[in-house]
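Below is one structure; the comments refer to it alone.
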Amino acid sequence: MYNHRELEQKWRTKWKDGFVSYRPESTNSTTKYILVEFPFPSGAGLHVGHTKSYMALDIRARKYRMSGEDVLYPMGWDAFGLPTENYAITHGIHPRVATEDNIKTFKNQIDALGISFDWSKEINTTDPAYYKWTQWIFMQMFKHGLAYQDTTQVWWCEELKTVLANEEVIDGISERGGHPCERKSLRQWMLAITQYAERLHHDLDQVDYLDIIKRQQRNWIGLSTGARIRFALDETSSLEIYTTRPDTLYGVTFMVLAPEHPLVDVLTTDEYRESIQQYQEQVSQKTDLDRQQEKEKTGVFTGGYVKHPLTGKDIPVWIADYVLMGYGTGAIMAVPAHDERDKAFAERYGLDIQPVITEEGELINSGEFDGMQSEAAKQAIIQVISDKKLGQEEQQSKLRDWVFSRQRYWGEPFPIVWVSSEAYQQMQEQNSDRLAPFEVSRERDGLTEYAVTVAESELPIELPEVESYLPQGLGEGPLALATDWVNVWYHLNTGKTVAGNVECPGEGWVKALRETDTMPNWAGSSWYFLRYIDPTNTEAVASPEQIHKWLPVDIYNGGMEHTTLHLLYSRFWYKFLYDIGIVPTSEPYQKRISHGMILAEGGVKMSKSKGNTINPLEMCEAFGADALRCYIMFMGPYDEAIAWDTHGLVGCNRFLTKVYHWGETIIAQPEQSNIDTEALHRDTHGLIKKISEDIEAQKLNTCVSSFMEYINIWGGQLIGKSTFETFLTLLAPFAPHLTEELWERLGHATSIHTSSHWPEWDETALVSTEEDFQVHVNGKMRAMITLSVDTSEEAILAQALEAAEKYLEGNLLKKQKVIRQKGIVILVV
RNA sequence: GCUAGAGUGGCGGAAUUGGUAGACGCGCCGGACUUAAAAUCCGUUGGUAAUAAUAUACCGUGAGGGUUCAAGUCCCUCCUCUAGCACCA
């Protein structure tokens, strides 16, 4: 073993003292923006899973730098969020203090891995200088009508007097304290991501994401084309449904409404009123997730009927919780013959099942449409429906608007104040630019208040200090307790605020209340990659020149679990910023890749409770950061989940030890005694090609095995110094410390990592003067012959026949063929 | 249930996209060094049969069928596992 501890420590110190710089140089024209998802700095410290993606993208970043490109590879902290706040609640430590400690730990750990992050670009979402711009972007969305308020169901714990997140409630019991929880309606800020659904769907065509990621996003957005159809209730009113299968319209045997549907009351007859109310009550205590997970479909008849738009038949109306208010119109036409869920429901409650399409896709029992193919029938029925003004074609999305507020402390405050209706009216008359295009209002103490933004110059609205991170209010966050912060004087003309605990400052100032909700932790991460570009800018999100230089991100790595939330949210915010002219492209990330999990030994998930976690720092200490880097890359395909095996890490340490000793031997020998053969030349250029292409293709496991193969053949031999340097250069992104050491001892004064000398391969070097031919007889490889490249086909064939003579047994050849570029001779008898 | 992906030695995995299956690493076994152990180095290592022989033959990539001179790779049927979504009309 070589002394990795001393060697790596030496270079960590030298690098930190300025021997290398990972800051992009502004002179270069070709750029690469490489991005890994930034971590939430938890108290548990860096997880080995984090290191995989940092290392893999570090290899890319280093390779690009060595190829002379201008590389941006930054890191920061996604530090708002629930765990820190809960830690604050239980330990009484300010979240800011806990966050700072955790960041320090993370940073030390990352530095020990030899990752070439440009720390001059470091950002922290909880830094007011950062969240100033999170608030600024929200402010623009508010002004453009993308932010509004709506009522949603949340978990409420009476004992804790607080709103809880879904993940904090297990089987209706709070995770902290074990108290019972209930569902409760609450007004929340919402962001209208659904307005971008179509673009989020279609623009995936423009980008290079892993197929599985695109598919998953499309599935989540769930764009579908169908029809909105009205079923008459009486002469004046009707029930609207949305269906993707208008071709099955004649198969409708009942209707199902979501229990919360506004027409339920109207349709319910006295006879059924009690059971309907009972059912509604039951359902209101369930989350959407619960409702969707139930195996048994339940529902209740309302007693009411609607008229079929084409046949005029009376159709009974039911309510059931498998129909959700949030999708479509909150009501469906049930076609039990052709829909599994409707079928299960019909069978349970003994409802009619009427088939209208044959296995061949031909319509039956459908009046004038009988005999049509279902695709054609879809169009025909939509046509008839819209001619009769009973409905129209419509596109729908499964996507729901984004619930954007939290009744929590550790998040970004909103740049919003609530003013009286008189004040609001005045602002409207003045055409103030601090209003939303529509009214956003709330009732408070019998009065209506309106949401308006503060002036841009007021940003950031900083989090106030509070006594308790656990609120004692009724659905309000801990910020509501900071009454001096909440009560302000607001200037109608300028949007400025001053503390409210003084006398009225004068003309134009009105009393106002700050919004006390905070933003979810998805907010800060929805645009952070923009801030890395220009993290200290006080005038804008980032300077337009820098934005143009770096965006879009060339490659973005993150976990599969972020595909439907973070990745979609950030694309949405970016598209909005594109629409208001801040960014130059409509998509933020050119390429998206995903790393597979590192599982514990035995192939199960690592978890603290099971005690099977791997601490990356301990591994560095024992085997070296270089060995750890090589091993994690070597484990297997980048995007697959693979079990940890410390023995494998030992093997990589052995490999690097061989490299080290080989280097020492070469350094010690006079140059003239070194060998330089054609085979060495060919293998070296083969390696350059292999490593260059495999890094590009994210096949880092085979890179490492190629290095091992090369050293198995040439290791220990006195190869030419420049050839050895080529090998070191290729290995440098994988093992930055060891290669730097040998590079220095080979007589270089500058770092191996900042020199623009990534080697190029010579195709002609890869071609040999001799060629191998496999001789296949009846599809089986029977002999191998080596011939000079200028051998004619006839001669090859003759040689092959001779070599494989005993397998031919004198039989007549049915087929003979030479496939030159594959090096195969085919003989069939 | 839907969608996608994957099944290769004792283990992690490789295979230029139809052309020597098992690269590379781990582990195991044997050997060297050592008083001994660890570390290190060298060698063997899919299975069966056979041999003085690392001569040779056959079988082998979840199961079964098919296409082809030739299938881990392509097609059909089935099984198992993993991931994401989960009653989305």
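Chain letters run A, B, ... following the sequence lines, proteins first, then strands; residues in each count from 1.
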* **N/O donor-acceptor pair under 3.5 Å between A:Y279 side chain and A:F301 backbone** => no
Between protein and nucleic acid, restricted to nucleotides 4-15 of chain B and to nitrogen or oxygen atoms under 3.5 Å apart, what atom pairs and distances do you find?
| from | atom 1 | to | atom 2 | distance (Å) |
| --- | --- | --- | --- | --- |
| B:A4 | O3' | A:R215 | NH2 | 3.2 |
| B:A4 | O2' | A:R215 | NH2 | 3.4 |
| B:G12 | O2' | A:M635 | O | 2.7 |
| B:A14 | OP1 | A:N701 | ND2 | 3.0 |

* To do: Quick one: sort the A:F727 and A:Y710 rings into parallel, tilted or perpendicular, breaks at 30° and 60°.
  => parallel
* Side-chain heavy-atom pair A:N219, A:K398 within 4.5 angstrom cut-off -> yes
* Asked: C1' atom, B:A21 versus B:G46: distance in rounded Å?
  -> 10 Å
* **Parallel, tilted or perpendicular: ring planes of A:W318 versus A:F254, cut at 30 and 60 degrees** => perpendicular
* According to the Watson-Crick and G-U wobble definitions, with both distances under 3.5 Å, which nucleotide is paired to B:C33? -> none
* Could you tell me whether A:Q216 contacts a base, only the sugar-phosphate backbone, or nothing, with contacts defined as non-hydrogen atoms closer than 4.0 Å? => sugar-phosphate
* If you measure from the C1' atom in B:C24 to the same atom in B:U45, how many Å do you get, rounded? -> 15 Å
* Identified pairing partner of B:C85, criterion: Watson-Crick or G-U wobble below 3.5 Å -> B:G1
* Asked: Does a nitrogen or oxygen in the side chain of A:H647 sit under 4.0 Å from OP1 or OP2 of B:G27?
  -> yes
* Salt bridge between A:D205 and A:R218, side-chain N to carboxylate O under 4.0 Å? -> yes
* Asked: Should A:K378 and A:E393 count as an ion pair when the cut-off is N to O under 4.0 Å?
  -> no
* Using both distances under 3.5 Å as the test, list the Watson-Crick or G-U wobble partner of B:U80, or none. => B:A6
* **Nearest-Å distance once atom C1' is located in both B:C41 and B:U56** => 34 Å
* On a whole-Å scale, what distance lies between the P atoms belonging to B:U3 and B:C58? -> 44 Å
* Asked: Contact class for A:G222 vs. all strands (heavy atom < 4.0 Å): base, sugar-phosphate, or nothing?
  -> nothing
* With P as the reference atom in both, quote the distance from B:U35 to B:G27 in angstrom, rounded to an integer. => 26 Å
* Which is true for A:R782 with a 4.0 Å heavy-atom rule: it touches a base, it touches only sugar-phosphate, or it touches nothing? -> sugar-phosphate
* **Pair A:K689 + A:E763, salt bridge at N-O below 4.0 Å** => yes
* Asked: Using atom C1' of each nucleotide, how far apart are B:C33 and B:C42 to the nearest Å?
  -> 11 Å
* **Pairing nucleotide - B:A57, Watson-Crick or G-U, each distance under 3.5 Å** => B:U48
* Is the A:F345 ring parallel, tilted or perpendicular to the A:Y349 ring (thresholds 30°, 60°)? -> tilted
* Respond yes when some side-chain nitrogen or oxygen of A:R654 is under 4.0 Å from OP1 or OP2 of B:G25, and no when none is. => no
* When the distance from NE2 of A:H595 to P of B:G84 is rounded to whole Å, what number comes out? -> 13 Å
* Mind checking the C1' distance from B:C28 to B:C11? Whole angstroms is fine. -> 11 Å
* Asked: If we take the P atom in both B:U77 and B:C2, what is their distance in whole Å?
  -> 15 Å
* Taking a pair as Watson-Crick or G-U wobble with both distances under 3.5 Å, which nucleotide is matched to B:C74? -> B:G66
* Anti versus syn assignment for B:G22, with syn defined as within 90° of 0 -> anti
